[in-house]
Enquirer: 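Next up is a structure, given as structure tokens.
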There are 2 protein chains.
Amino acid sequence: MDLQARERQVIEASWRVIARQGMRALTVRNIAQEAGLAPSSLRYAFPTQDSVREKSIRAVLERLRERVAAIAPDSPSWAWQTLQELLPLDDERRLEMEVSLALGTAAVTDPLLAPLRAELDAEVYSLCERACAALGLERPGLARELQALIDGLALHVVLVPGDDGRWTLEVLRLRLQELGVACD
Amino acid sequence: MDLQARERQVIEASWRVIARQGMRALTVRNIAQEAGLAPSSLRYAFPTQDSVREKSIRAVLERLRERVAAIAPDSPSWAWQTLQELLPLDDERRLEMEVSLALGTAAVTDPLLAPLRAELDAEVYSLCERACAALGLERPGLARELQALIDGLALHVVLVPGDDGRWTLEVLRLRLQELGVACD
DNA sequence: CCCATAGTCGCACAGTTGTGCCACAATAGG
DNA sequence: CCTATTGTGGCACAACTGTGCGACTATGGG
């Protein structure tokens with residue numbers, strides 16, 4: 001049996017539960033039902049409930065890394081494409097960011113989740129830093145500003161149910177334009 | 001008996017529970033213990049559990065409005081002072097923002113909380129808009145950028161346990177400086 | 001005095017939570 | 001054939017959840 005596929009199945013089920021019903025509903029029985037499994041079968045792959053949360057946020061980080069790695073590193077639009085990966089511009093990314101927001105918020109009071117969320121933050125910051133460098137923007141502190149701006153934009157999109165996030169592109173474009181960078 | 005004082009007492013207890021133990025622990029019995037009340041007594045002022053969450057996020061909005069209203073409207077530094085009220089620069093504001101983040105995230109899947117969070121967002125946007133106007137910044141979309149930047153900065157401070165948020169002032173100052181505005 | 005009202009608290013109930021334990025099926029190696 | 005491994009699923013348990021209900025005390029008006 002493919003145990004890794006089972007993990008992915010459960011994790012994606014937990015994502016859907018978080019997005020549709022919120023953290024309160026992230027229970028063993030709800031996840032099992034969403035994944036089409038018996039609660040006891042779920043516990044074979046995930047012995048404890050904490051491990052579901054842990055793997056779920058770790059999966060967000062991995063998915064982000066995969067998407068960024070798929071961008072041609074030498075492309076002149078690498079930076080612009082990468083920054084777009086940090087915005088919830090389609091259903092997939094929106095789902096991931098709803099999950100990372102919910103689990104990230106929970107991580108504030110959950111020692112098990114805290115290091116994972118810190119790693120995710122570090123990854124985003126690193127991407128902003130590299131994007132700045134690729135765009136020839138060297139002002140100190142600019143990467144932090146860019147990270148805060150992008151996370152803030154993503155936050156607002158995710159918090160508003162119907163928002164497709166298209167408008168965030170325009171805001172980001174204007175900001176980069178002011179820095180003397182053209183986006184395509 | 002002062003029923004309004006009782007409400008405030010319970011709400012602040014719920015804030016502390018959220019900040020210290022997270023949303024999972026926001027239960028009737030935990031709040032009651034934190035407030036020094038018997039669970040049944042709590043239910044006299046708050047008949048249902050939902051009402052605690054609702055009043056808690058509403059209280060955040062009211063506190064923000066009070067703080068902003070206390071700033072001299074004609075002061076030349078009104079905008080700068082107001083923007084600072086949106087950042088978690090001391091324990092009080094940090095607590096409020098931890099609560100608004102936790103409850104705001106929960107509001108995504110909680111129809112009762114959603115309108116309150118929307119109102120809170122609208123208030124912050126309105127403040128950013130007025131701050132832009134007071135600073136003579138008229139570029140369309142700038143208020144949205146400012147709101148995203150500030151919320152993103154606040155988010156990062158709140159998500160990192162030890163962070164005192166002082167660095168966000170520098171980021172914001174640099175951004176406004178680039179727009180031709182000096183901060184004091 | 002009596003009585004009504006306001007507020008506090010204990011108890012109980014049905015439902016849900018995470019998890020431990022054990023029985024069962026399938027599959028593969030000998 | 002027997003046996004071990006891998007995985008599925010059912011059942012039960014203690015703990016916890018929100019909330020309903022009724023008993024209690026204190027206070028103040030008549």
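These numbers were taken from a predicted model, which means no experiment stands behind them.
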Enquirer: Please tell me which of the listed nucleotides, dC9(C), dG18(C), dG9(D), lies nearest to the side chain of A38(A)?
Expert: dG9(D)

Enquirer: Using distance alone, with no hydrogens and no angle criterion, decide if D163(A) and H156(A) have a side-chain donor and acceptor under 3.5 Å apart.
Expert: no

Enquirer: How many Å lie between CG on L37(A) and P on dG7(D), as a whole number?
Expert: 13 Å

Enquirer: Using whole Å, report how far CZ of F46(B) lies from P of dG7(C).
Expert: 14 Å

Enquirer: Without decimals, in angstroms, what is the distance between L26(A) CG and dT17(D) P?
Expert: 17 Å

Enquirer: Within the pair R6(A) and dT8(D), is there a side-chain N or O less than 4.0 Å away from OP1 or OP2?
Expert: yes

Enquirer: Quickly work out the I31(A) CD1 to dT16(C) C1' distance and round it to whole Å.
Expert: 15 Å

Enquirer: Check this for me: does the side-chain of S40(B) come within 3.5 Å of the base of dG10(C) through a donor and an acceptor?
Expert: yes

Enquirer: Is there a path of hydrophobic side-chain contacts, each under 4.5 Å between heavy atoms of I/L/V/M/F/W/Y residues, joining L113(B) to L159(A)?
Expert: no

Enquirer: Grab the CD-C1' distance between Q33(B) and dC9(C) for me, whole Å please.
Expert: 16 Å

Enquirer: What's the CG-C1' distance between N30(B) and dT19(D), to the nearest Å?
Expert: 16 Å

Enquirer: Tell me whether the OP1 or OP2 atom of dG7(C) has a side-chain N or O from S41(B) closer than 4.0 Å.
Expert: no

Enquirer: Would you indicate whether the side-chain heavy atoms of R175(A) and E145(A) approach each other to under 4.5 Å?
Expert: yes

Enquirer: Please walk me through it: do I18(B) and E98(B) pass side-chain contact (heavy atoms from CB on, under 4.5 Å)?
Expert: CA-CA 8 Å; I18(B) 291 175; E98(B) 287 180 7; 5.8 Å; no

Enquirer: Measure from CD on Q49(A) to P on dG20(C) and round the result to the nearest Å.
Expert: 13 Å

Enquirer: Tell me: CG of D50(A) to P of dT17(C), nearest whole Å?
Expert: 15 Å

Enquirer: I want to confirm an ordering. Mapping R29(A) and Y44(A) to their closest nucleotides on DNA chain D, which one lands closer to the 5' end?
Expert: Y44(A)

Enquirer: Assuming nearest nucleotide by heavy-atom distance, tell me which of R43(A) and T27(A) is located more 5' along DNA chain C.
Expert: T27(A)

Enquirer: Do L86(A) and L64(A) come within less than 4.5 Å of each other through their side chains, counting heavy atoms only?
Expert: yes

